[in-house]
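See below for the structure under consideration.
Just so you know, ligand 1 is whichever comes first in the structure, and atom 1 is the first atom listed for that ligand. Being a predicted model, the structure only gives us computed values, none of them experimental.
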Amino acid sequence: MQVKDCIVSAPGKAILHGEHAVVHGKVALAVCLNLRTYLRLKATTTGKVCINLPNIDTFLCWDLSELKRLIPYSYGKREEVKLLDAELVRRLRDFFGVTNGNLDTCNMATLSFLYIYLSLFGPGELPSLTVSVWSELPTGAGLGSSAAYSVCLAAALLCASGAIPTPLKEWDHTAKWCQEDLEQINSWAFQGEMIIHGNPSGVDNAVGTWGGMLRFLAGKIIPLSRVPLLRILLTNTKVPRSTKVLVARVKDKINKFPSIMTPVLDSVDAVSCTCEKVLSEMTSKPITGEHYNILEELIDINQHHLNVMGVGHPALDTLCQVTLARGLHSKLTGAGGGGCGITLLRPETDSFVVQGTIQDLQDRGFDCWETSIGGPGVQQHSPLSIKEDILEILNHY
Ligand SMILES: Nc1ncnc2c1ncn2[C@@H]1O[C@H](COP(=O)(O)OP(=O)(O)OP(=O)(O)O)[C@@H](O)[C@H]1O
Ligand SMILES: C[C@@](O)(CCO)CC(=O)[O-]
Ligand SMILES: [Mg+2]
């Protein structure tokens, strides 16, 4: 069986407010970043499935015959993709010798790939192909690298299986899918996230799929079309952490202290809703310093709440202190426990202050850069629309 080649990309994200609380049915506000993950799928005739993941130093190949044996007996095409197929997950875990349920970086990435591949092709003939992925996002740092990866996998494999079309026309550089196809991509990406995260809310894959800025509540995605242009500084503390572990930690805390943690989650929900209201006001009325004062206070309140939830880290405290010394307000973004934080820059924040802050943070060993937010969700690309260095990496394998 020969499938179509394609190149796709999906963006990472920053959560303004609502991380962790969103897993427990509260509102989150998230924006996509101008940092993307790129995936190239190539049909081959080797009788093998190969995956090249240079960001995590993983290069693997399997014979189609070996993979065929992993497909559960009497396996039908899966229409309902809300839950993972427990039998397929068990077989994949056995195949990789995962015994304690904790997947390492490489296992998480390969398991989610093979899970989607086998789910989509399992009932029929397995195609021989090579998938290569390269990301501009730091892996496992709170910027939605797992979701961008899962969205790319879902889009490329759904196209290869013929479940959705490849939207790129001969004369296009980039192309997007229609709403219905995006919903399919999003729900298969969610499956990948379930393997990587354990219990994802779905907010990260929604941003990776639709891009822009959105409000997410209990699986419901509302794109926010009217948002002011925000200047944000992104800092990677480079402290490694796992979203799966942190999400489980918060759940344990809620189970242990329900009457203490429930009001904290409710308060985070109110922070997100207040932030959304202020952002909307900033597009309909002249922006004032008071708007920014409120946004800064909300950042501080939420950062304290995240510390109460147990997902802070001394490196994130350092980020908050260093930026506050320059009059700027920061909070962690994503799962916390290390990883990345965001700092709000006011329109009048002088470039001298920004450069000084970046220098202070770099002196602490952190990576730091000003970023633009918003932008497109998942896309198909012609090779011409991809930066040369990225294309070179994708073509190398
Ligand atoms: N470029 C990539 N290549 C291969 N695997 C990747 C890539 N990016 C992410 N992954 C997979 O995703 C995992 C990281 O996911 P994790 O959810 O812990 O962090 P994150 O998505 O970066 O942060 P957050 O979920 O807080 O936004 C990695 O261990 C790896 O399995
Ligand atoms: C921590 C979390 O809320 C956001 C991770 O980016 C997890 C999730 O929503 O799946
Ligand atoms: Mg993730």
If we only count N/O pairs under 3.5 Å, is [X] in contact with ligand 1?
X: Ala335; answer: yes
X: Trp134; answer: no
X: Gly334; answer: no
X: Thr243; answer: yes
X: Arg241; answer: yes

Whether [X] side chain and [Y] backbone form a donor-acceptor pair below 3.5 Å:
X: Ser280; Y: Glu276; result: no
X: Arg249; Y: Gly310; result: yes
X: Glu183; Y: Glu180; result: no
X: Ser385; Y: His381; result: no
X: Tyr117; Y: Pro127; result: yes
X: Lys331; Y: Leu16; result: yes
X: Trp177; Y: Pro165; result: yes
X: Gln362; Y: Asp367; result: no

| field | Worked check of side-chain contact (heavy atoms from CB on, under 4.5 Å) between Thr174 and Asp172 | value | CA-CA 6 Å; Thr174 57; Asp172 287 338; over 6 Å; no
Do me a favour and list the nearest non-hydrogen protein atom to [atom] with residue, atom name and distance?
atom: atom 5 (N) of ligand 1; result: Ala109 CB, 3.5 Å
atom: atom 3 (O) of ligand 2; result: His20 N, 2.8 Å
atom: atom 4 (C) of ligand 2; result: Ile15 CD1, 3.7 Å
atom: atom 12 (O) of ligand 1; result: Ser146 CB, 3.4 Å
atom: atom 8 (C) of ligand 2; result: Ser201 OG, 3.4 Å
atom: atom 5 (C) of ligand 2; result: Asp204 OD2, 3.4 Å
atom: atom 13 (C) of ligand 1; result: Ile196 CG2, 4.0 Å
atom: atom 30 (C) of ligand 1; result: Thr105 O, 3.7 Å
atom: atom 28 (C) of ligand 1; result: Thr139 CG2, 3.6 Å

Is there an N/O/S atom in Ser145 at a distance below 2.8 Å from the Mg ion (ligand 3)? no
In terms of atom number and element, which parts of ligand 1 are under 4.0 angstrom from non-hydrogen atoms of [X]?
X: Leu143; answer: 23 (O), 27 (O)
X: Lys13; answer: 24 (P), 27 (O)
X: Ser135; answer: 1 (N)
X: Ile56; answer: 4 (C), 5 (N)
X: Asp204; answer: 25 (O), 27 (O)
X: Ser145; answer: 8 (N), 9 (C), 14 (C), 20 (P), 21 (O), 22 (O)
X: Asn55; answer: 1 (N)
X: Ala141; answer: 22 (O)

query = For the residue pair Phe96 and Trp62, does the interplanar ring angle fall in the parallel (under 30°), tilted (30 to 60°) or perpendicular (over 60°) class?
reply = perpendicular
Atom name of the N, O or S atom of His197 nearest to the Mg ion (ligand 3) is NE2
Any side-chain heavy atom of His17 within less than 4.5 Å of one from Leu298? yes
**OP:** Would you check if Glu19 and Thr333 make a side-chain contact, meaning some heavy-atom pair closer than 4.5 Å?
**Re:** yes
| disulfide bond (SG atoms under 2.5 Å apart) between Cys159 and Cys6, intermediate numbers included | CA-CA 8 Å; Cys159 284; Cys6 68; 5.1 Å; no
- If we only count N/O pairs under 3.5 Å, is Lys13 in contact with ligand 2? yes
Under 4.0 Å between heavy atoms, the region of Glu193 that gets near ligand 2 turns out to be neither
**OP:** Give a yes/no on ligand 1: does Lys244 have at least one heavy atom closer than 4.0 angstrom to it?
**Re:** no
Among Gly140, Ser112, Ser242, Gly12, closest by heavy atom to atom 19 (O) of ligand 1 is Gly140
Among Gly192, Gly142, Ala14, the residue with a heavy atom nearest to atom 23 (O) of ligand 1 is Gly142
Logged contact type for His197 with ligand 1, heavy-atom cut-off 4.0 Å, is side chain
Quick check: are there more than 12 heavy atoms from other residues, nucleotides or ligands sitting under 6.0 Å from CG of Leu324? yes
Which of Leu129, Leu67, Asp63 passes side chain to side chain contact (heavy atoms under 4.5 Å, CB included) with Lys48? Answer is Asp63
Of Val322, Ile299, Leu344, Thr349, the one forming a side chain to side chain contact (heavy atoms under 4.5 Å, CB included) with Leu328 is Thr349
Would Lys176 and Trp210 count as a side-chain contact (heavy atoms from CB on, under 4.5 Å) if you check the C-alpha gap in whole Å, the side-chain angles of each, and the deciding distance to 0.1 Å?
CA-CA 10 Å; Lys176 292 182 188 170; Trp210 279 281; over 6 Å; no
